[in-house]
Amino acid sequence: MFSLDRTFRFDTDISQAWTLPASWYLSDQMAQWEDQRIFSHHWQWVAHIDELREVGSFVTRQVAGEPLVILRDEDQQLRGFFNVCRHRAGRVARGCGKRQLLQCVYHGWTYRLDGSLHKTPEFQAPAGFSREAMALRPVEVAQWGPFVFARLSKEGGLSLEEWLDPIPAQTKHLPLEKMRFFKRVDYEIQCNWKVYVDNYLEGYHIPLAHPGLFREIDYKQYDVECFRYVSRQHAPVRPREDSLYVRHLAAGENPEALYYWAFPNLMFNFYPDNLQLNVILPLGKEKTLTIFLWYLLEPDRPGVEREFAASFAFSDQVQKEDIQICEEVQVGLRSRSYTQGRYVPERERGVHHFHGLLWESLKHKIISEE
Ligand code: FES
Ligand SMILES: [Fe+2]
């Protein structure tokens with residue numbers, strides 16, 4: 001059992017700051033607070049818009065341990081609800097599909113697509129029973145481009161566009177509305193989710209950990225820009241003839257790749273003709289699921305898999321290199337020899353920014369429950 005280090009205080013001066021204590025990556029208490037204060041309060045990716053185009057189409061998801069159902073109602077609105085029946089907590093939907101009503105799988109109470117209670121078999125409502133008060137509990141849902149997001153709690157929260165700022169404005173020139181889901185690749189990693197995010201947020205490890213990627217980019221120019229909940233990494237591509245990216249981007253109008261992270265766990269990698277969303281989900285304090293979602297222009301046309309084969313293979317290679325590093329770091333964090341480290345200001349501003357946001361979300365827990 002690792003007890004949480006509550007003496008840590010985040011330092012906004014990166015040159016003076018120490019990194020997060022190892023126990024923050026290892027404690028059950030921290031994982032619980034992260035669900036309550038972080039994953040419940042920030043927008044989470046839940047679906048592709050293609051899955052929810054028709055009235056009655058729905059998907060089921062889990063966010064911060066909560067079962068959700070996301071659907072399109074009869075007024076064409078996207079809606080989200082806790083997937084928890086108001087009778088005795090059964091599921092009102094399983095998997096995904098299309099329905100006119102949601103029917104609880106346990107005793108068959110039904111709900112309309114707006115969440116209102118419809119039928120309650122064999123139950124004669126007693127005096128004072130309010131059907132309105134027994135509607136499914138809603139969650140917020142919003143769409144941006146081909147993505148659908150949900151948020152459990154809006155307490156003090158920003159709208160989806162505000163939270164994503166400046167990504168929507170900076171990607172206006174890309175045909176996002178036309179990008180369609182093509183494929184999903186999952187990787188399970190034996191590390192805390194923050195180890196993986198830390199690793200994504202710096203390019204400092206590229207020379208040693210990703211020799212193939214290092215050859216593709218101009219490492220000296222690698223830069224990070226931090227915004228409120230977003231950071232952007234910029235790595236110009238080296239103009240080499242045999243470069244994967246140059247070949248890949250030649251068809252595009254704007255030969256620039258944009259890499260954004262949005263707190264806490266989403267990464268958007270934009271290219272002129274495709275984009276990749278990475279969703280990083282904790283599966284326990286030392287296990288993480290990373291979901292890679294590929295979106296392409298006209299994904300149904302013949303030969304797409306072949307056309308993007310080199311990109312898929314390259315991404316897989318980089319991911320495997322990162323997985324090895326992250327799993328070794330997790331073991332290192334458990335070592336009695338390690339408690340905290342230091343940031344390299346030139347290279348690790350994105351990591352420091354992430355840790356500042358974690359601190360902002362959790363500090364009152366850390367301080368007040370001492
Ligand atoms: S729990 Fe849903 S009908 Fe009983
Ligand atoms: Fe990496």
Side-chain angles (χ1 to χ4, degrees), residues 58 60 66-69 81-94 99 101-112 115-126 129 131 133-137 185 187 189-219 222-224 231-235 237 244-245 257 259-261 265-269 276 278-280 288 290-292 311 313-330 332 344 347-351 354:
F58 73 93
T60 53
E66 292 279 1
L68 303 183
V69 53
F81 303 99
F82 289 93
N83 186 4
V84 179
C85 179
R86 301 299 307 280
H87 173 222
R88 280 181 39 230
R91 293 273 160 108
V92 298
R94 282 182 180 151
R99 299 266 190 285
L101 292 169
L102 299 175
Q103 181 173 44
C104 177
V105 298
Y106 199 177
H107 314 96
W109 284 25
T110 54
Y111 297 85
R112 297 181 192 87
S116 60
L117 183 59
H118 181 241
K119 290 218 162 108
T120 51
E122 300 181 57
F123 175 59
Q124 303 304 330
F129 178 84
R131 299 185 84 76
M134 297 294 270
L136 292 175
R137 298 262 193 234
V185 187
Y187 301 88
I189 311 179
Q190 305 306 314
C191 72
N192 183 273
W193 70 279
K194 301 189 292 299
V195 169
Y196 188 86
V197 174
D198 289 349
N199 175 70
Y200 178 88
L201 290 174
E202 46 89 356
Y204 188 35
H205 70 281
I206 292 175
L208 276 182
H210 303 304
L213 178 58
F214 183 58
R215 282 193 295 276
E216 298 283 336
I217 61 164
D218 184 351
Y219 178 74
Y222 196 101
D223 194 27
V224 180
S231 61
R232 171 184 163 166
Q233 300 188 62
H234 184 61
V237 175
L244 172 74
Y245 285 133
Y259 303 100
Y260 294 95
W261 164 80
N265 64 334
L266 293 181
M267 294 122 182
F268 299 88
N269 308 308
Q276 192 198 78
N278 306 339
V279 185
I280 314 307
T288 295
T290 62
I291 305 174
F292 281 45
S311 299
F314 189 70
S315 157
D316 188 60
Q317 172 64 26
V318 171
Q319 173 71 347
K320 285 180 176 144
E321 291 162 354
D322 280 327
I323 289 175
Q324 187 180 1
I325 296 277
C326 289
E327 293 189 339
E328 288 165 352
V329 166
Q330 188 70 29
V344 175
R347 294 284 179 195
E348 295 179 303
R349 271 181 297 118
V351 185
F354 170 42

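Bear in mind that the values here come from a model prediction, so they are computed numbers and not experimental data. Both ligands and their constituent atoms are indexed starting at 1 by order of listing.
Remark: R215 fails to qualify as a cation-pi partner of F314 under the 6.0 Å distance and 45° angle criteria applied to the six-membered ring.
When non-hydrogen atoms are compared, ligand 1 lies under 4.0 Å from the backbone of W109 as well as from its side chain.
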Let me see the working for D198 and H205 under side chain to side chain contact (heavy atoms under 4.5 Å, CB included), right down to the final yes or no.
CA-CA 11 Å; D198 289 349; H205 70 281; over 6 Å; no
After noting the C-alpha distance and the side-chain angles of R86 and R137, does the key distance pass the side chain to side chain contact (heavy atoms under 4.5 Å, CB included) rule?
CA-CA 9 Å; R86 301 299 307 280; R137 298 262 193 234; 3.2 Å; yes
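Around the Fe ion (ligand 2), the protein atoms of type N, O or S that sit closer than 2.8 Å are H205 NE2, H210 NE2, D322 OD1, D322 OD2.
C104 lies apart from atom 4 (Fe) of ligand 1 in this respect, since none of its N, O or S atoms is found at a distance under 2.8 Å. Among the atoms of H107, an N, O or S atom is found under 2.8 Å from atom 4 (Fe) of ligand 1.
Just one residue in the list T288, V195, I325 forms a side chain to side chain contact (heavy atoms under 4.5 Å, CB included) with Q330, and that residue is V195. Of the residues listed (D322, N278, D316), the one engaging Y187 in a side-chain hydrogen bond (donor to acceptor under 3.5 Å, both in side chains) is D316, and it is the only one. In summary, of the residues considered (T290, V197, V279), a side chain to side chain contact (heavy atoms under 4.5 Å, CB included) with M267 occurs for V197 alone.
Residues Y196 and W261 keep their aromatic ring centres 6.0 Å or farther apart. A centroid separation of less than 6.0 Å is found between the aromatic rings of F123 and F129.
The atoms of ligand 1 that sit less than 4.0 Å from any heavy atom of C85 are 1 (S), 2 (Fe), 3 (S). The ligand atoms of ligand 1 that sit less than 4.0 angstrom from a heavy atom of G108 are 3 (S).
When distances from atom 4 (Fe) of ligand 1 to the N, O or S atoms of H87 are compared, ND1 comes out shortest.
What sits closest to atom 1 (S) of ligand 1 on the protein, heavy atoms only, is R88 N, 3.2 Å.
In this structure, Y204 places its OH atom where only 12 or fewer heavy-atom neighbours from other residues, nucleotides or ligands lie under 6.0 Å away.
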